[in-house]
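Structure first, then comments.
FYI, side chains are in, hydrogens and waters are out, and symmetry mates aren't considered; it's all heavy atoms of this structure.
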Amino acid sequence: HETFGPAAGTWRNWWKTQKARGLPKDVPPAANPEDDRYAPPKKKGEKDDASYYGRRVFSSRIVFVMDVSSSMMTLMTPPEGVVKDVGAITPGPRIDIARKRLADAIESLPERTKINLVFFSNEARLWKPSLVAVGSSRKAAIDAVRAAAPDGETNIFAALRAAFGLQGKTLAGLDLDEVPDTIYFLTDGEPTRGDMTDRKELLSWVREVNGYMKAQIHVIAMGNMNIDLEFLDRLALENGGETILLPDR
């Protein structure tokens, strides 16, 4: 708990004498401001480790974004290698696969994890105005996921705005405690609707906004047709995340 100002020599002289004695045993561990971005370690008796498409979920403030455009009714059968990597998937409409995996992920989350949901097609719909604790809303969240019905086109810009909490708000009006540390973005399409559909423009906008928010963006890309993997890969890579690809057999 000493301070000797900016003079390096003063610190050097202090260390020559301090090094031989060792650091005081009652010095508290340094706090890491990044620690509260993650859920606490699992306690005895708690649920199994949370996961989503085969990846463990450590985050404490999560927004799950799910594409509910008409194309999500397309039937798909992922290859065996993909199924082995991400976990069991029953062949069927993409929307059924997406709903099942998201419901399972929510079921596995620790009670103190805060979440929100975004469903998007022509527009984006936030499930709740802000993040809510899973412990008090798990069943309601799962019910909302199971009720999501496909219709319309793919408004990726509106979905990302909602995920960042910018639906009807500006950056200056955000409460940083309500900003997600992680966004899981699931889609099977390209940006075909909304105020911004140009890929480069979208990526630039996300970089600008996320330079302030610092959220990781993980992308789950479903299918082989009508999907811009280069764009989705960059959306994840430029924002600290990864792309999980679920191609059709």
Quiz item: Does any non-hydrogen side-chain atom of M66 lie less than 4.5 Å from one of I95?
Solution: yes
Quiz prompt | side-chain contact (heavy atoms from CB on, under 4.5 Å) partner of T243, the single match among V219, L237, I220, L235 | solution = V219
Exercise. Would you name the heavy atoms of A124 and A158 that are closest together and state the gap between them?
Key: CB-O, 3.4 Å
Quiz item: For the hydrophobic clusters of this structure (ILVMFWY residues joined by side-chain heavy atoms under 4.5 Å, transitively), does one cluster hold both Y212 and L166?
Solution: yes
Quiz item: Would you call L109 and R138 a side-chain contact if the rule is heavy atoms closer than 4.5 Å?
Solution: yes
Quiz item: Any donor and acceptor pair, going by atom type alone, linking the side chain of S137 with main-chain N or O of A133 inside 3.5 Å?
Solution: yes
Quiz item: What closest approach, in Å, do G189 and I227 show between heavy atoms, and which atom pair accounts for it?
Solution: O-CG1, 4.1 Å
Quiz item: Would you call D85-R55 a salt bridge at under 4.0 Å N-O?
Solution: yes
Quiz item: At their closest point, which heavy atom of V83 faces which heavy atom of P78, and how far apart are they?
Solution: CG2-O, 3.9 Å
Quiz item: Distance only, no hydrogens: is a donor on one side chain within 3.5 Å (strictly under) of an acceptor on the other, for N122 and N155?
Solution: no
Quiz prompt | More than 12 heavy atoms of other groups within 6.0 Å of E242 CD | solution = yes
Exercise. Dump the intermediate steps for side chain to side chain contact (heavy atoms under 4.5 Å, CB included) on V134 and K114, then the final yes or no.
Key: CA-CA 6 Å; V134 168; K114 289 188 173 184; over 6 Å; no
Quiz item: Quick one: are Q167 and R161 in side-chain contact, heavy atoms under 4.5 Å?
Solution: no
Quiz prompt | Results of side chain to side chain contact (heavy atoms under 4.5 Å, CB included) for D143 - residues two or more places apart only | solution = K139
Quiz item: How about P247 and V82: do any of their side-chain heavy atoms sit closer than 4.5 Å?
Solution: yes
Quiz prompt | Closest contact, heavy atoms only, A215 versus P180 | solution = CB-O, 3.5 Å
Quiz item: Can you tell me how far CZ of R193 sits from OG of S121, rounded to the nearest 0.5 angstrom?
Solution: 8.5 Å
Quiz item: So do the side chains of I89 and R101 get within less than 4.5 Å of each other, counting heavy atoms only?
Solution: yes
Quiz item: So among F58, Y52, Y184, Y53, which one has a ring-ring contact (aromatic ring centres under 6.0 Å, His included) with H218?
Solution: Y184
Quiz item: Quick check: does any side chain N or O of S59 sit under 3.5 Å from a backbone N or O of D181, one acting as donor and the other as acceptor?
Solution: no
Quiz item: Could you go step by step and tell me if I97 and M222 meet the side chain to side chain contact (heavy atoms under 4.5 Å, CB included) rule?
Solution: CA-CA 10 Å; I97 295 170; M222 302 186 80; 4.0 Å; yes
Quiz item: Does any N or O in the side chain of R146 come within less than 3.5 Å of the main-chain N or O of A103, such that one atom is a donor and the other an acceptor?
Solution: no
Quiz item: Does atom CE of M73 have more than 12 heavy-atom neighbours from other groups under 6.0 Å away?
Solution: no
Quiz item: Considering all heavy atoms of both residues, which atom of A144 and which atom of F119 are nearest to each other, and what is their separation?
Solution: O-CZ, 3.7 Å
Self-check item: Derivation and outcome, side chain to side chain contact (heavy atoms under 4.5 Å, CB included), residues R249 and M76
Solution: CA-CA 7 Å; R249 185 178 294 173; M76 75 176 298; over 6 Å; no
Quiz item: Between S70 and G152, is there a donor-acceptor pair closer than 3.5 Å when you use the side chain of the first and the backbone of the second?
Solution: yes
Quiz item: Do other residues, nucleotides or ligands put more than 12 heavy atoms under 6.0 Å from the CD atom of E123?
Solution: no
Quiz prompt | Distance (rounded to the nearest 0.5 Å) between F120 CZ and R125 CZ | solution = 13.0 Å
Quiz item: With side chains defined as the heavy atoms from C-beta onward, is the minimum distance between V206 and E238 less than 4.5 Å?
Solution: no
Quiz item: When you check the gap from the basic side-chain N to the acidic O, do E230 and R199 get nearer than 4.0 Å?
Solution: no
Quiz prompt | Gap separating the CH2 atom of W205 from the CG atom of D198, nearest 0.5 angstrom | solution = 14.0 Å
Quiz prompt | Atom pair OG1 (T90) and CG (D96), whose distance is rounded to the nearest 0.5 Å | solution = 9.5 Å
Practice problem: Under the side chain to side chain contact (heavy atoms under 4.5 Å, CB included) rule, collect the residues that match up with S51, sequence neighbours excluded. | Solution: none
Quiz item: Pick from L126, L131, T182: which one makes a side-chain contact (heavy atoms from CB on, under 4.5 Å) with V63?
Solution: L131
Quiz item: Does N239 reach the main-chain N or O of G241 with its side chain, forming a donor-acceptor pair under 3.5 Å?
Solution: no
Self-check item: Nearest heavy atoms of V145 and R99, plus distance in Å
Solution: O-CD, 3.1 Å
Self-check item: Distance in Å, L202 CG paired with R207 CZ, rounded so as to fall on 0.5 Å steps
Solution: 10.5 Å
Quiz item: Under a 4.5 Å cut-off applied to non-hydrogen side-chain atoms, are I183 and F164 in contact?
Solution: yes
Exercise. Only one of D248, D188, D67 passes salt bridge (Lys or Arg N to Asp or Glu O under 4.0 Å) with R94; say which it is.
Key: D188
Quiz prompt | Gap between atom CZ of F185 and atom CG of L160 - 0.5 Å precision | solution = 4.5 Å
Quiz item: Are the side chain of Q216 and the backbone of A236 linked by a donor-acceptor contact shorter than 3.5 Å?
Solution: no
